[in-house]
Colleague: 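After the structure tokens below, expect a handful of questions from me.
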Amino acid sequence: VVTRDDVEESLKAVFQFVKDKEQLLQDLRSQIEETKKIIAEKQHERDYWLEYKNVGSKIHAEKISSLEKDIAEVKLELERTEEYYREALKVVREENQKLFDRHMKLLSEEALKNAVGYLDKHCRREIEENEWLKEEVKIYRKAHSDLEASVQLLEEENTSLVAKLIDIKLQHLRV
């Protein structure tokens, strides 16, 4: 004997089963939609990369090749400029040394003329043997070393300026 309550409960169970299956079906549909969206996105990304592989990579390869050529040209120009400034610095140093030597020679000659002009032969001989003359030589040697030091400082300043000029030229070439 089946009672009304049994039928109702059976119907409720069937109804709940159908409702659960419909909810499961709805969840599966939403998951399918999400999966379709992900697939569409991945398909779009794949198409993009295929396009890049076929066209874009060639363009970038050409750009890279062009930039590598530019870098090689800039390096070559830098080497030439470096050599030019190295030679220019060498010439300036030689010229500074010549000027310094000539200046020291003129100072020595003038000092000698001044000293000799005021003395007679007897005094000249005494002065040559005198300690005072030796002190004057020390003073002139000190002046000589001071001038050499100032020339060295000027050369270092010139070197610094040449290095800055090379850096500026390199930056200009990069631009």
Side-chain angles (χ1 to χ4, degrees), residues 1-104 107 141-175:
V1 175
V2 177
T3 65
R4 180 179 176 139
D5 291 334
D6 292 338
V7 172
E8 283 180 1
E9 204 161 299
S10 175
L11 282 174
K12 282 182 184 179
V14 169
F15 180 71
Q16 186 63 37
F17 178 76
V18 169
K19 192 175 180 183
D20 288 345
K21 290 296 180 181
E22 284 178 356
Q23 182 63 37
L24 182 64
L25 185 61
Q26 190 176 9
D27 289 345
L28 287 174
R29 282 183 184 149
S30 69
Q31 285 180 358
I32 290 171
E33 287 298 318
E34 287 293 319
T35 306
K36 283 182 181 178
K37 286 180 184 177
I38 292 171
I39 289 172
E41 288 174 8
K42 294 297 181 182
Q43 182 69 32
H44 179 69
E45 187 176 336
R46 185 185 72 100
D47 292 343
Y48 170 79
W49 287 112
L50 282 175
E51 178 71 22
Y52 175 77
K53 178 184 169 189
N54 295 331
V55 178
S57 63
K58 293 176 184 175
I59 293 170
H60 287 143
E62 290 172 4
K63 285 182 181 179
I64 290 170
S65 174
S66 173
L67 289 173
E68 286 173 346
K69 287 178 185 175
D70 290 347
I71 289 171
E73 289 174 8
V74 167
K75 282 182 180 179
L76 183 62
E77 186 64 31
L78 176 63
E79 289 171 5
R80 286 188 206 148
T81 305
E82 224 176 331
E83 184 62 30
Y84 169 77
Y85 285 115
R86 193 175 295 122
E87 290 297 321
L89 181 62
K90 183 180 175 183
V91 168
V92 167
R93 281 184 179 166
E94 289 172 359
E95 186 178 326
N96 284 345
Q97 187 63 39
K98 287 178 186 177
L99 289 172
F100 176 75
D101 292 343
R102 190 173 73 197
H103 183 68
M104 286 305 296
L107 282 176
R141 285 186 180 155
K142 184 179 181 325
H144 178 268
S145 66
D146 290 345
L147 286 172
E148 281 183 337
S150 70
V151 166
Q152 178 68 25
L153 287 173
L154 287 173
E155 286 177 353
E156 290 174 3
E157 183 179 343
N158 284 345
T159 303
S160 171
L161 290 173
V162 166
K164 286 180 182 177
L165 184 60
I166 288 172
D167 289 340
I168 289 170
K169 179 132 184 162
L170 179 61
Q171 289 176 356
H172 178 68
L173 288 173
R174 285 183 185 158
V175 171

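The figures that follow rest on heavy atoms only: side chains count, while hydrogens, waters and symmetry mates do not.
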Colleague: Do Lys37 and Glu34 touch side chain to side chain, with heavy atoms closer than 4.5 Å?
Modeller: yes
Colleague: Which donor-acceptor pairs under 3.5 Å do the side chains of residues 67-76 make with protein atoms, sequence neighbours left out?
Modeller:
none

Colleague: Within a reach of under 6.0 Å around CZ of Arg141, are more than 12 heavy atoms found that belong to other residues, nucleotides or ligands?
Modeller: no
Colleague: Does one side chain, of Asp167 or Gln171, offer a donor that lies under 3.5 Å from an acceptor on the other?
Modeller: no
Colleague: What distance separates Leu147 CG from Lys142 NZ, expressed to the nearest 0.5 Å?
Modeller: 10.5 Å
Colleague: Can you tell me how far CG of Leu28 sits from CD of Glu33, rounded to the nearest 0.5 angstrom?
Modeller: 12.0 Å
Colleague: Do Thr159 and Arg93 come close enough that some side-chain heavy atom pair is under 4.5 Å?
Modeller: yes
Colleague: If you compare all heavy atoms of Leu89 against all heavy atoms of Glu155, which two are closest, and at what distance to 0.1 Å?
Modeller: CD1-O, 4.5 Å
Colleague: Can you check whether Glu79 reaches Glu83 side chain to side chain, under 4.5 Å on heavy atoms?
Modeller: no
Colleague: Is there any side chain to side chain donor-acceptor pair (under 3.5 Å) pair reaching into residues 7-24, and which pairs are they, with sequence neighbours excluded?
Modeller: Arg4-Glu8, Gln16-Asp20, Gln23-Asp27
Colleague: Output, in order, the C-alpha distance, side-chain angles, deciding distance and verdict of side chain to side chain contact (heavy atoms under 4.5 Å, CB included) for Lys169 and Leu165.
Modeller: CA-CA 6 Å; Lys169 179 132 184 162; Leu165 184 60; 5.6 Å; no
Colleague: Does atom OH of Tyr52 have more than 12 heavy-atom neighbours, drawn from other residues, nucleotides or ligands, at distances under 6.0 Å?
Modeller: yes
Colleague: Working to the nearest 0.5 Å, report the span between CG of Leu154 and CD of Glu156.
Modeller: 9.5 Å
Colleague: Salt bridge between Glu77 and Arg80, side-chain N to carboxylate O under 4.0 Å?
Modeller: yes
Colleague: Output the distance between atom CD1 (Ile166) and atom OH (Tyr84), rounded to the nearest 0.5 Å.
Modeller: 11.0 Å
Colleague: Could you state the interatomic distance from CG (Asp6) to CG (Leu11), rounded to the nearest 0.5 Å?
Modeller: 11.0 Å
Colleague: Can you tell me how far apart CG (Asp101) and NE2 (His144) are? Round to the nearest 0.5 Å.
Modeller: 6.5 Å
Colleague: Can you tell if the side chain of Glu45 reaches within under 4.5 Å of the side chain of Tyr48, non-hydrogen atoms only?
Modeller: no
Colleague: Quick check: does any side chain N or O of Ser66 sit under 3.5 Å from a backbone N or O of Glu62, one acting as donor and the other as acceptor?
Modeller: no
